Amino acid sequence: MFFVIFILTSALSVSPEDLMEPRRRVVHVLEDETGAVIVQTAPGKVVTHRGGSITLPCRFHHEPENTDPARIRIKWTKVTDALQFEDVFVALGKQQRVFGSYRGRVFLERAGPGDASVIIQNVTLEDYGRYECEVTNDMEDDTGFVNLDLEGVVFPYYPRDGRYKLNYHEAEDACKHQDAILASHSQLHKAWLEGLDWCNAGWLEDGSVQYPISNPRDQCGRKDTPAGVRNYGYRHKEDERYDAFCFTSKLNGKVYFLKRFKKVNYAEAVKACVRDGSAVAKVGQLYAAWKFQLLDRCEAGWLEDGSIRYPIVNPRSRCGGSYPGVRHLGFPDKKFRLYGVYCFREYMDETAGGGGVEGNNQLISDY
């Protein structure tokens, strides 16, 4: 008989020091006589950011206690909304195997007997989701689930071609090209709770099409309907076309507005960032800088996709309205010399910084 115990790290993000002495709350998962799993305390989730390290907690107890540890099999699997399974890690005794993109990043925590927890290092956007821990001893097994959440920001996206031009796969690619992934429903719902209001429907990672409305109005599904996340349901991934809702997280680098005496066209903007040891920033990188770097700049600049945007943390007159956010001025002719440019410089390591960075990083209490 197995008794599986999940131990959840309560810190929002986990540093190597945190892994040594984590704060924990215990969740007991027991088998009754029918073999059904009874969860006595809600397991919740663990939270980190891109580039961080996190423990996916799982503990087990078996009877009799003298069971040979070499016969215990531990398997971690990622479960998608479509109930598809992606192998992450498996261990049988001292033998271990890590799969796919997790190679070199996933390790057993080994905090003591009965510990099946794994540590994921250098967390990526794609690591977000639900994980299954399975512990097997000969003919008996038990499983439990842990949700890995990321701190980040959701943003709507459409390409130069215009609105409602993307099928599901094109939306997925568009987000990836802008340093993001398609957002989940829970990520979009959280963004709506934080004030996101967008009147165009977009794809989510589960293949549904939704949009968040904080201020109901007639042109966005009728004024007399309640605020919320409007849902078109699951749509045909090849034939139907919408915008996208993308999600990104913390950067291993810095976004900055390149200070120049002259405005530049798109080609000149690309060259200017390269000469400064950087690249033209992507849309997801600008949103991440606005969210985590608190980048606040009332100057419009080119981004990698040919759009013109600027980030506002502290709303003020002549800076695009009374709400914080990333302002979008569209996709002008790339020959126009009317704008500056936002560049992105990647850090060589987590503590490195770059010179020549221009920006206003003042702390605003609402963010």
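These figures come from a predicted structure and were not determined experimentally. Residue numbers run from 1 in the order of the sequence given.
- Relative ring orientation between W290 and Y287 is described as perpendicular, the plane-to-plane angle rising above 60° on a 0-90° scale split at 30° and 60°.
- Side chains of R71 and N137: a donor-acceptor N/O pair is absent below 3.5 angstrom, by distance only.
- A continuous path of Ile, Leu, Val, Met, Phe, Trp and Tyr side chains, each step under 4.5 Å between heavy atoms, connects L193 with F247, placing both in one hydrophobic cluster.
- For the residue pair N200/R163, the side-chain donor-acceptor check at 3.5 Å is satisfied.
- A salt bridge is absent between E151 and K291; no separation between the charged side-chain nitrogens and carboxylate oxygens falls under 4.0 Å.
- Taking the six-membered ring for Trp, Y266 and W302 have ring centres closer than 6.0 Å.
- Of the inter-residue distances, the one linking N122 atom CG with I54 atom CD1 reads 13.5 Å to the nearest 0.5 angstrom.
- Checking R110 against S117 by side-chain atom types alone, no donor-acceptor pair falls below 3.5 Å.
- Salt-bridge check for E86 with K78: failed, with every basic side-chain N at 4.0 Å or more from each acidic carboxylate O.
- Placement of I308 and F257 within a single hydrophobic cluster is found when ILVMFWY residues are connected by side-chain heavy-atom separations under 4.5 Å, directly or transitively.
- By the criterion of side-chain heavy atoms lying less than 4.5 angstrom apart, applied directly or through intervening Ile, Leu, Val, Met, Phe, Trp or Tyr residues, V46 is grouped together with L108 in one hydrophobic cluster.
- Hydrophobic clustering (side-chain heavy atoms under 4.5 Å, transitive across Ile, Leu, Val, Met, Phe, Trp, Tyr) keeps F292 apart from L303.
- The aromatic rings of F155 and Y157 lie perpendicular to each other, with more than 60° between the two planes, well past the 30° mark.
- At a threshold of 4.0 Å, the pair E170-K165 does not count as salt-bridged, since none of the basic side-chain nitrogens sits closer than that to a carboxylate oxygen.
- Relative ring orientation between Y102 and Y131 is described as perpendicular, the plane-to-plane angle rising above 60° on a 0-90° scale split at 30° and 60°.
- Y128 and S249 are not linked by any side-chain donor-acceptor pair at a separation below 3.5 angstrom, with hydrogens and angles left out of the test.
- Between F107 atom CZ and S53 atom OG the span is 9.5 Å, to the nearest 0.5 Å.
- Of the residues E304, K282, Q285, the one that meets the side-chain hydrogen bond (donor to acceptor under 3.5 Å, both in side chains) test with Q178 is E304.
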Report the C-alpha separation of W198 and Y211 in whole Å, then their side-chain angles, then the decisive distance to 0.1 Å, and conclude whether the ring-ring contact (aromatic ring centres under 6.0 Å, His included) test is met.
CA-CA 6 Å; W198 193 254; Y211 65 102; over 10 Å; no
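- A salt bridge between R337 and D333 is absent, with no side-chain N of the basic residue lying under 4.0 Å from a carboxylate O of the acidic one.
- At a threshold of 4.0 Å, the pair K271-D276 does not count as salt-bridged, since none of the basic side-chain nitrogens sits closer than that to a carboxylate oxygen.
- Ion pairing of D179 with R50 is present here, as a side-chain N (NZ or NE/NH1/NH2) and a carboxylate O approach within less than 4.0 Å.
- Transitive grouping of hydrophobic side chains (ILVMFWY, heavy atoms separated by less than 4.5 Å) brings L148 and V98 into a common cluster.
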